[in-house]
Peer 1: 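Questions regarding the structure given below will be posed in turn.
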Amino acid sequence: MRYVPVFGRNIDSYIQKRLNNKTHLICTFDREDGLKLYILAIEINMRLEDNSLMPWGKYKGEKMANVPATYLIWLYNNEKCNAEVQAYIEDNMDALKEEIRQLGDKKDEAKRYSKPIG
């Protein structure tokens with residue numbers, strides 16, 4: 001959501017033309033000099049894709065496809081992600097769980113073939 005202030009005189013019709021299902025009038029303030037201040041809220045739908053950069057956190061700047069599945073699932077389970085990251089995780093939940101399962105299989109296989117120390 002992005003908030004946009006708009007100042008003007010007699011611009012009610014201008015404002016009404018800009019309102020739609022993604023742009024909402026939040027409030028209006030009348031000033032003593034005759035100007036009105038309109039606060040508009042504009043919904044921004046930023047869909048993260050595999051090539052999008054992680055917007056914050058430990059892996060900020062990494063491509064979403066390169067952020068470890070275990071980290072993404074941890075964020076999701078602990079409700080520590082914003083709406084965009086949450087939507088990405090939900091869209092890719094099956095692939096993330098499969099990646100974690102395969103990671104667990106590799107760890108089990110490594111244990112099986114490693115020699116005990118001592």
Peer 1: Give every residue pair that meets the salt bridge (charged side-chain N to carboxylate O under 4.0 Å, His left out) criterion with at least one member in residues 4-15, sequence neighbours excluded.
Peer 2: Asp12-Lys36
Peer 1: Do the side chains of Phe29 and Tyr3 join up, straight or via other hydrophobic residues, at under 4.5 Å, putting them in one cluster?
Peer 2: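 As far as the 4.5 Å side-chain criterion goes, Tyr3 and Phe29 are connected within one cluster.
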Peer 1: Look at the side-chain heavy atoms of Ile, Leu, Val, Met, Phe, Trp and Tyr, link any pair under 4.5 Å apart, and say whether Ile26 and Ile11 land in one connected group.
Peer 2: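 No, no single cluster joins them.
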Peer 1: Distance from Lys97 atom NZ to Ile73 atom CD1, nearest 0.5 Å?
Peer 2: 6.5 Å
Peer 1: Under 4.5 Å between side-chain heavy atoms, counting indirect links through other Ile/Leu/Val/Met/Phe/Trp/Tyr residues: same cluster for Leu72 and Trp74 or not?
Peer 2: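 Same cluster: Leu72 reaches Trp74 through Ile, Leu, Val, Met, Phe, Trp or Tyr contacts under 4.5 Å.
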Peer 1: Quick one: does Asn78's side chain have a donor or acceptor within less than 3.5 Å of a partner on Lys80's backbone?
Peer 2: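 Checking the backbone N and O of Lys80 against the side chain of Asn78, no donor-acceptor pair under 3.5 Å is found.
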Peer 1: Can you confirm whether the side chains of Glu49 and Tyr88 place a donor and an acceptor under 3.5 Å from each other?
Peer 2: no
Peer 1: Which pair of heavy atoms, one from Arg47 and one from Ser52, lies closest together, and at what distance?
Peer 2: O-OG, 4.1 Å
Peer 1: Would you say that more than 12 heavy atoms from the other residues, nucleotides or ligands in this model lie under 6.0 Å from the CG of Asn77, or not?
Peer 2: yes
Peer 1: Given the rule in the side-chain contact (heavy atoms from CB on, under 4.5 Å) test, do Leu40 and Ile15 qualify, once you have shown the distances and angles that lead to the verdict?
Peer 2: CA-CA 9 Å; Leu40 303 178; Ile15 295 294; 4.1 Å; yes
Peer 1: Ignoring hydrogens and geometry, is there a side-chain-to-backbone donor-acceptor pair from Asn92 to Ala95 under 3.5 Å?
Peer 2: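 No.
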Peer 1: Between Leu53 and Gly61, what is the shortest heavy-atom contact and its length?
Peer 2: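 Scanning both residues, the minimum pair turns out to be CD2-O, 3.2 Å.
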Peer 1: Does atom CD of Glu79 have more than 12 heavy-atom neighbours from other groups under 6.0 Å away?
Peer 2: no
Peer 1: Would you give the length of the straight line joining atom OG1 of Thr70 to atom CD1 of Ile100, rounded to the nearest 0.5 angstrom?
Peer 2: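 Going from the OG1 atom of Thr70 to the CD1 atom of Ile100 covers 6.0 Å.
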Peer 1: Can Arg18 be said to sit on top of Tyr14's aromatic six-ring, NZ or CZ under 6.0 Å from centre and within 45° of the ring axis?
Peer 2: yes
Peer 1: When clusters are formed by joining ILVMFWY residues with side-chain heavy atoms under 4.5 Å apart, either directly or through shared neighbours, do Val6 and Leu37 land in the same one?
Peer 2: no
Peer 1: Do Tyr59 and Trp56 land in one hydrophobic cluster if side-chain heavy atoms of ILVMFWY residues count as linked below 4.5 Å?
Peer 2: yes
Peer 1: Would you give the length of the straight line joining atom OH of Tyr71 to atom CD1 of Ile89, rounded to the nearest 0.5 angstrom?
Peer 2: 9.5 Å
Peer 1: Quick one: pull up CD in Glu84 and CE in Met64 and give me the separation to the nearest 0.5 Å.
Peer 2: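 These two atoms lie 10.0 Å from each other.
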Peer 1: With side-chain contact (heavy atoms from CB on, under 4.5 Å) as the criterion, how do Lys58 and Val67 come out once you've worked through the C-alpha distance, each side chain's angles and the decisive distance to 0.1 Å?
Peer 2: CA-CA 9 Å; Lys58 182 177 180 178; Val67 177; over 6 Å; no
